K.L.:
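My questions will all concern the structure given below.
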Amino acid sequence: MVHLFRTSLGVMALAAATFGPGGGAQAASGPFLAHQALYDLSLAKSRSNSVNSARGRILYNFTGNSCEGYTSEFRQVSELDSGEGKVTLSDLRSNSWEDAAGKSYRFRIETRMNETEAAKVDGSAERDGDHINVKLKLPAPKSFALDGKIVFPTEQIQRIIAAAKDGKSLLELSVYDGSDDGQKVYNTLTVIGQPIPADRAISSDPSTTDEHMKSLKRWPVTVSYFDRDVQQKEGEQTPVYAMSFELYENGVSRQLVLDYNDFVISGALGKFDVKDSKPCN
């Protein structure tokens with residue numbers, strides 16, 4: 001169950017959709033919307049009866065522009081009840097910045113489980129030709145190189161939107177977001193469904209009824225995350241988790257579902273506020 005909280009960083013990729021990386025994203029998807037979103041989490045399904053109930057919230061904010069790069073502030077507080085008085089409380093906080101060209105990525109992540117001391121990851125990644133140089137400060141100083149084909153979270157979402165606009169239904173990407181101990185790379189498979197027309201609004205959802213959103217279509221998307229190291233050693237693998245959502249062409253997402261194999265968490269968009277965007281000078 002612990003990986004529910006460790007790998008919820010996948011939601012950061014969803015959050016990064018708020019802004020696309022620079023010219024390529026603008027050309028593919030048009031302007032991206034700065035906003036704050038609050039998701040209310042609940043248990044949708046327990047396949048192994050390992051979880052009796054779940055509740056929590058995800059809150060994130062995004063600011064920036066194509067000149068200064070894009071900043072995300074993310075927090076998830078979750079509580080899982082496994083029965084017989086076994087309750088796991090997690091508090092995940094993350095701050096990240098990615099430049100518009102997808103060349104630089106900085107991240108600080110703090111995860112606290114129950115009353116234990118917070119686990120911290122602090123580092124940066126710089127794209128250099130055919131590789132990416134990663135430097136970690138925490139949990140311990142370390143430098144290493146990654147394949148240059150790997151993308152950061154914002155570029156991942158930009159490519160999903162571009163693929164959706166091109167009518168593609170499948171997209172494979174390797175993604176680095178600094179999760180776990182800062183050394184994890186996930187292979188991802190994205191399945192993109194048919195576009196949902198702009199006039200198909202959900203009256204109870206603050207995103208579909210917002211004035212900024214009424215003219216925009218969206219796509220049902222499922223992103224499955226695989227452990228890259230395990231997959232290379234053992235062949236085809238079950239995903240560590242999968243994330244489903246409806247993705248607007250301006251990067252906003254709704255109807256979040258996190259599938260952790262044994263159980264499924266749903267995230268209803270309870271609050272949605274558009275923020276003022278600072279223009280790029």
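These numbers come from a predicted model, not from an experiment.
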K.L.:
State yes or no: do Ile161 and Ile192 share one hydrophobic cluster built from I, L, V, M, F, W and Y residues joined by side-chain heavy-atom distances below 4.5 Å, directly or via other members?
P.N.:
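Yes, Ile161 and Ile192 fall within the same hydrophobic cluster.
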K.L.:
Can you tell me how far CZ of Arg108 sits from CG of Asp122, rounded to the nearest 0.5 angstrom?
P.N.:
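Output value for this atom pair is 6.5 Å.
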K.L.:
Tell me, with the steps shown, if Val77 and Arg57 meet side-chain contact (heavy atoms from CB on, under 4.5 Å).
P.N.:
CA-CA 6 Å; Val77 178; Arg57 283 186 168 181; 5.7 Å; no
K.L.:
Determine, using the 4.5 Å side-chain heavy-atom cutoff (strictly less than), whether Val264 and Val191 are members of one ILVMFWY cluster.
P.N.:
no
K.L.:
Return the CD1 to CG distance between Ile58 and Asp40, rounded to the nearest 0.5 Å.
P.N.:
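Separation between the atoms: 10.0 Å.
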K.L.:
Nearest 0.5 angstrom please: Leu258 CG to Phe263 CZ, how far?
P.N.:
9.5 Å
K.L.:
Just by modelled atom types, is the Pro239 backbone N or O under 3.5 Å from a matching donor or acceptor in the Asn261 side chain?
P.N.:
yes
K.L.:
Flag the pair Arg47 and Asp259 as a salt bridge only when some basic side-chain nitrogen lies within less than 4.0 angstrom of an acidic carboxylate oxygen.
P.N.:
yes
K.L.:
A side-chain contact here means heavy atoms from C-beta on lying under 4.5 Å apart; do Phe152 and Ser96 qualify?
P.N.:
no
K.L.:
Checking Asp166 side chain against Lys168 main chain: does a donor-acceptor pair fall under 3.5 Å?
P.N.:
no
K.L.:
Less than 4.5 Å apart, side chain to side chain, heavy atoms only: is that true for Leu173 and Thr190?
P.N.:
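Leu173 does not reach Thr190 side chain to side chain.
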K.L.:
Are the charged groups of Lys184 and Asp227 less than 4.0 angstrom apart, N to O?
P.N.:
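Between Asp227 and Lys184 there is a salt bridge, with a charged N closer than 4.0 Å to a carboxylate O.
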K.L.:
Find the distance between NZ (Lys120) and CZ (Arg112) and round it off to the nearest 0.5 Å.
P.N.:
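That separation rounds to 8.0 Å.
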K.L.:
So Ile109 and Phe74, side-chain contact (heavy atoms from CB on, under 4.5 Å) or not? Walk me through it.
P.N.:
CA-CA 9 Å; Ile109 305 162; Phe74 172 95; over 6 Å; no
K.L.:
Say you draw a straight line from CG of Asn187 to CD of Glu172; how long is it, rounded to the nearest 0.5 Å?
P.N.:
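Answer for the CG-CD pair, Asn187 versus Glu172, is 8.0 Å.
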K.L.:
Distance-only, no hydrogens or angles: does the Asp99 side chain make a donor-acceptor pair with backbone N or O of Ser104 under 3.5 Å?
P.N.:
yes
K.L.:
Which distance, rounded to the nearest 0.5 Å, do you find between the CG of Leu43 and the OG of Ser266?
P.N.:
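So the gap between those two atoms works out to 8.0 Å.
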K.L.:
Looking only at non-hydrogen atoms, find the nearest pair between Val121 and Gly178 and report the distance.
P.N.:
CG1-O, 3.6 Å
K.L.:
What pair of heavy atoms forms the shortest contact from Trp219 to Gly193, and how long is it?
P.N.:
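For Trp219 and Gly193, the tightest heavy-atom pair comes out as CD1-O, 3.5 Å.
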K.L.:
Could you check whether any side-chain heavy atom of Asp262 comes within less than 4.5 Å of a side-chain heavy atom of Val51, counting everything from C-beta outward?
P.N.:
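Contact flag for Asp262/Val51 side chains = no.
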K.L.:
Count I, L, V, M, F, W, Y as connected when their side-chain heavy atoms are under 4.5 Å apart, and connections chain through other members. Are Val87 and Met113 then in the same cluster?
P.N.:
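Unlinked, Val87 and Met113 end up in two clusters.
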K.L.:
How far apart are the closest heavy atoms of Ala145 and His131, and which atoms are they?
P.N.:
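Between these two residues, the closest heavy atoms are CB-CD2, 4.4 Å.
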K.L.:
With a 4.5 Å cut-off on side-chain heavy-atom distances among I, L, V, M, F, W and Y, is there a chain of contacts connecting Val223 to Ile196?
P.N.:
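Val223 and Ile196: separate clusters.
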K.L.:
Is the shortest heavy-atom distance from the side chain of Gln76 to the side chain of Tyr39 under 4.5 Å?
P.N.:
no
K.L.:
Between the side chains of Arg75 and Asp91, is the shortest nitrogen-to-carboxylate-oxygen separation below 4.0 Å, so that they form an ion pair?
P.N.:
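So Asp91 pairs with Arg75 through a salt bridge.
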K.L.:
Answer yes if Phe107 and Leu59 sit in the same cluster of Ile, Leu, Val, Met, Phe, Trp and Tyr residues linked by side chain heavy atoms under 4.5 Å apart, and no otherwise.
P.N.:
no
K.L.:
Side chains of Ser90 and Ser78: donor-acceptor distance under 3.5 Å anywhere?
P.N.:
no
K.L.:
Give a yes or no answer on whether the side chain of Arg127 reaches the backbone of Gly148 with a donor-acceptor pair at less than 3.5 Å.
P.N.:
yes
K.L.:
Can you name the nearest heavy-atom pair linking Ile132 to Asp147, along with the distance?
P.N.:
CD1-O, 3.7 Å
K.L.:
Assess whether side-chain contact (heavy atoms from CB on, under 4.5 Å) is satisfied between Leu269 and Leu256, documenting all intermediate values.
P.N.:
CA-CA 8 Å; Leu269 188 57; Leu256 173 65; over 6 Å; no
K.L.:
Indicate the ring-plane relationship of Tyr105 and Tyr176, choosing parallel, tilted or perpendicular according to the 30° and 60° boundaries.
P.N.:
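Taking Tyr176 first and then Tyr105, their aromatic rings stand perpendicular (interplane angle over 60°).
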K.L.:
Pick from Lys217, Lys165, Arg218: which one makes a salt bridge (charged side-chain N to carboxylate O under 4.0 Å, His left out) with Glu249?
P.N.:
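Only one of Lys217, Lys165, Arg218 forms a salt bridge (charged side-chain N to carboxylate O under 4.0 Å, His left out) with Glu249, namely Lys165.
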K.L.:
Give me the atom names and distance for the closest heavy-atom approach of Lys135 to Ser143.
P.N.:
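Answer, listing the atom of Lys135 first, then Ser143: CG-OG, 3.7 Å.
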K.L.:
Tell me whether the rings of Tyr241 and Tyr225 are parallel (<30°), tilted (30 to 60°) or perpendicular (>60°).
P.N.:
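Tyr241 and Tyr225: parallel rings.
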K.L.:
Over all heavy atoms of both residues, which pair between Pro153 and Asp177 is shortest? Give the atoms and the distance, please.
P.N.:
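That would be CG-CB, 3.6 Å.
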